[in-house]
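The chains referred to below are lettered A, B, ... by the order of the sequence lines, with proteins before strands, and numbering in each begins at 1.
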Amino acid sequence: MEQLPVGNAVNGTGWTPVDLDFRLSPAVLAEILDGGQTFAWDATGTTTYGGAARGHAWEIGLSADGTVLARSPTGGDPILLTDYFALDTDFAALTDALPWRSDPVLAKAVRQWPGLRILRQDPAEALLGFLCSSTKQIVQIKEILRLFARHFGKHLHGATHALPSWETLAAVPEDELRRHKTGYRARYIAAVARRLADWPDLPLRIRSLPYPEARAMLTDLPGVGGKIADCVLLFAGGHLGAFPVDTWIANVLRTEYHLADWPLPQLRRFGEVHFGPHAGLAQQYLFAAARRRRALRVL
DNA sequence: ATGCAGGAGAAAT
DNA sequence: ATTTCTCCTGCA
C-alpha cells in the first residue's frame, strides 16, 4: 500500500473535487490514468498527474481520503472531467454484474483493483493514440503523441499542448510524421488523416452506431485492425462490451484460463461470451492484474 | 546483442 | 482459413 506524501501538492489551493463520492487509491488512479487506456497523462508526483483533455490543461490529484481532485491552469471547469471519468456510469454495479462469482481469476483481479473504471475519451484522440500503439510500449506511445502535440497541436499551458486534429495531421507530409518516432505507423496515420478529411464525423459516429457497425467502420480504416478498433470503441466509444485482445490479455487467457493453443479470434470470442455485455471492463481488471504481476516480478 | 514491445496487412501456404 | 513475413524504433 502506497503512502501519501506529507504536504504534497494536493494540499495546495485551487483544487476542486471531481466528484464527492469518487474515491480511489493512488495505485488505482495510476492504473486508470497511466495504465494504457490513455496516453495523455504524466505523473508529476506520487499522486498527481498533468496532461490535456477536453481542450484544457489539467492537474489531477488525490486527497488524503482518496477524493479525486482537479484544477486547470487554462480555466477549464472540472465539471468537464465528470464526463471524461464517465461518472454517470456506475462501474461498481457493472463490476458486480461480471461473472466474478464463478471466476476466481477475475474475482482476484476485481479485489485487487477496487474502483477501476473505463474513461470516456475523445474518439478522434483515442484513434490517433492506438494507431501509434502497435508493438510499442506505453512510454514510447506517449513520446510519439507528445511530439505530435508539441509540433502540430494547440498550445495550452506551459509545456502542455493539445493533440492535433486529424484535419491538421492531414496537412502534414508523411515523411514529417515519420520524423516523430512513428516508424512504419506514419503511413497509416497519413492515410487515416486523408480518409477522415472526407468523413470528419466518423470518429464521433462510433458512439451512436451499434458495436458491430462501429467496429466495421473503424477496421475499414488503413492500419486499424480489430484490436485497435476495440480499444477505441471501449475507451472512447462507450462500447463496454468491446474486448480488445492484446498480448497481455492473450497471455492471461492462455495461462490462467487454460486456453493454451487458442488463436486470437477465438480468444476474443471467449472473452465476449464468458464476460458478457461489459467484457471490456473485465478485460481492464485482468490487464491491470497482469501488469501488476509483472511489476512485482521486476522488483 | 538479438529479441521483442499492448499490431496490421498482404502474401504464402 | 491459418501461418508467415514485413514494416520502424528503442529498450531490455
Discussion item. For A:Thr135 and A:Arg185, which I'm curious about, is there any donor-acceptor pair between the side chains at under 3.5 Å?
Written reply: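 The criterion, which ignores hydrogens and geometry beyond distance, is satisfied for A:Arg185 and A:Thr135.
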
Worksheet item: In dot-bracket form, how is DNA chain C paired, counting a Watson-Crick or G-U wobble pair only if both its distances are under 3.5 Å and using | for bases paired to another strand?
Response: |||||||.||||

Discussion item. Reading DNA chain B from 5' onward, which residue's closest nucleotide shows up sooner: A:Gly223 or A:Gln283?
Written reply: A:Gln283

Item to complete: On DNA chain B, check which nucleotide each of A:Val224 and A:Gly36 is closest to and give me the residue with the more 5' one.
Response: A:Gly36

Residues which pass side chain to side chain contact (heavy atoms under 4.5 Å, CB included) with [X], listed by chain and number, not counting sequence neighbours:
X	value
A:Ala279	A:Phe243, A:Phe275
A:His274	A:Pro99, A:Asp103, A:Tyr257, A:Phe270
A:Asp220	A:Arg195

Worksheet item: Going through the distances and angles, do A:Glu31 and A:Arg292 end up as a salt bridge (charged side-chain N to carboxylate O under 4.0 Å, His left out)?
Response: CA-CA 10 Å; A:Glu31 189 61 29; A:Arg292 187 164 115 137; over 6 Å; no

Practice prompt. Determine the Euclidean distance between corresponding C1' atoms of B:dG6 and C:dT2; express it in Å to zero decimal places.
Written response: 23 Å

Worksheet item: Between which nucleotides of DNA chain B, 5' to 3', does chain A make heavy-atom contacts below 4.0 Å?
Response: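 The contacted stretch runs from B:dA5 to B:dG9.
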
Worksheet item: Heavy-atom contacts under 4.0 Å between residues 177-188 of chain A and DNA chain B, which residues?
Response: A:Tyr184, A:Tyr188

Discussion item. Any carboxylate oxygen within less than 4.0 angstrom of a Lys/Arg side-chain nitrogen, looking at A:Asp42 and A:Lys142?
Written reply: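 Yes, this pair counts.
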
